[in-house]
Protein chains: 2
Amino acid sequence: MPRKTNTRNKIKNVALDLFSTLGFAGTSVRQISGTVGIRESGIYNHFSSKENILKVLLDDVKNSTIGVEIITDELLNKLSKPQIFMKEFVQILIKRWNTKKQKKYLRLVLIEQFREIKGVNVSLNLLVDESINIWSLIFSEMINFRYIKKGDPKVYAEEFVYPIFMIRLQYLVEEKVDLEKILEKCDSHIDYFWNSIKR
Amino acid sequence: MPRKTNTRNKIKNVALDLFSTLGFAGTSVRQISGTVGIRESGIYNHFSSKENILKVLLDDVKNSTIGVEIITDELLNKLSKPQIFMKEFVQILIKRWNTKKQKKYLRLVLIEQFREIKGVNVSLNLLVDESINIWSLIFSEMINFRYIKKGDPKVYAEEFVYPIFMIRLQYLVEEKVDLEKILEKCDSHIDYFWNSIKR
DNA sequence: GTCTATAAGGAGATAGAC
DNA sequence: GTCTATCTCCTTATAGAC
């Protein structure tokens, strides 16, 4: 399916590029319009203000976060083999997170989360909490079916998710995207974690 | 001991305040000088440029990071009781990290780590790696003395440090500093971790 | 939807008096 | 060390023609 690249989307893409490296305040409308290839005033045919562009981008971030909906039936069938389940699911997550767009999104959130923008509320905490909630459900099920040791699923989820997020953050700064290295690190973490929850 | 508050230090403190919330690009020299109570031009009697203020601040961050030197003999004596050692050491770390200044420092690093500044190199990765190196040494010793299970000390260090850093990051956004809550979370993590490394 | 033109003010930085 | 005054460029945003 061909991607729609009208001017509005061009502006959004360019702004995301610039905001995620130079920051919102460090980027001028001039830079955005120049890169897009239109005049400064042309921006205002598509967005009411510079801040409005940021608001739209941050809304996109919120709508692009990963929820329970990505857990397929195929994946669910592997719930009885927690180690395999964790590795395959994490692989899916990492592959999604490791796209250029998602990396820019996360950088943007990191940089701009302390800025107050009316009607928008995105932060690193929010993203982490979302992941923890999903994994709480998963571990809760695993405990119910006695696939893993009894314990607080929330604690399991935190111990599981925190290192994966730190790995994600660590590879956010690096230029080259070494997917293999990230997955290796995650696998190593999963192996370690598995030893602490297996029956 | 009374704190020296000459104009240069006032500028640094105000700039740290503003940079860590509005960002470097989002802060003007005008704002800084206004808050300090001098004219804009007065800034240039103390710093060669706006960027120079940032550089000095980031140098301060680097010099204020916590190294092995804070491990006292008293603490070392408790190495044979890993669980207690970890809890006491983490308590010291958290208390240091939880000062207003250190929180501003970390926010500044988070916000500005993607900006290129000549001669300065500070990033979240750097801070995390420093912690991991210290804890690698500690776990290495614990393994040598057979206080804990045999294993890769680096892996131990990562599994130990990552969650603590995530907790630190999570409480960076919050206004009110609930030290008790942070320490509780860390203790919970240490208990969990202890179960996976005890002999 | 995009252009030209322009407003109205903010930005960082310097010169020179006190 | 701080002040006043000033320079030059950049900032977001609007009005109105095509």
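Below, all heavy atoms of this structure are taken into account, side chains as well, without hydrogens, waters or symmetry copies. All figures in this text were calculated on a predicted structure; none of them were measured in a lab. Below, chain A is the first sequence line, B the second, and so on; all start at residue 1.
- What separates CD1 of I32(A) from C1' of dT12(D) is a distance of 11 Å, to the nearest Å.
- We find that CG of N9(A) is positioned 15 Å from C1' of dG1(C), with the value rounded to whole Å.
- Between the C1' atom of dC7(D) and the CZ atom of R30(B) lies a distance of 13 Å, rounded to the nearest Å.
- I11(B) places its CD1 atom 15 Å from the C1' atom of dG12(C), with the value rounded to the nearest Å.
- Taking only side-chain nitrogens and oxygens, R39(A) comes nearer than 4.0 Å to OP1 or OP2 of dT4(C).
- In this structure the side chain of F47(B) reaches within 4.5 angstrom of the side chain of K12(B), judged on heavy atoms.
- T27(B) comes within contact range of the sugar-phosphate backbone alone, with a heavy-atom separation under 4.0 Å but no base atom that close.
- Taking atom NE2 of residue H46(B) and atom C1' of nucleotide dG12(C), one finds them 17 Å apart after rounding to whole Å.
- The nearest pair of heavy atoms linking Q31(B) to T27(B) is OE1-CA, 3.5 Å.
- Across the protein-nucleic acid pair, N52(B) atom CG and dT14(C) atom P stand 12 Å apart, rounded to whole Å.
- Residues that satisfy the salt bridge (Lys or Arg N to Asp or Glu O under 4.0 Å) test with E141(A), not counting sequence neighbours, are absent from this structure.
- Centroid-to-centroid, the aromatic rings of F165(B) and W97(B) come within less than 6.0 Å.
- Among residue pairs with one or both ends in residues 187-199 of chain B, those qualifying as salt bridge (Lys or Arg N to Asp or Glu O under 4.0 Å) are K87(B)-D191(B); sequence neighbours excluded.
- Summarising the geometry, the separation between NZ on K10(B) and P on dG1(D) is reported as 13 Å, rounded to the nearest angstrom.
- A side-chain donor-acceptor contact under 3.5 Å links E112(B) to the backbone of F24(B).
- The interatomic distance linking I38(A) (CD1) with dC3(C) (C1') rounds to 11 Å, in whole Å.
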Can you check each nucleotide of nucleotides 13-18 of chain D against protein heavy atoms at under 4.0 Å and return B for base, S for sugar-phosphate only, - for none, in 5' to 3' order?
BBB---
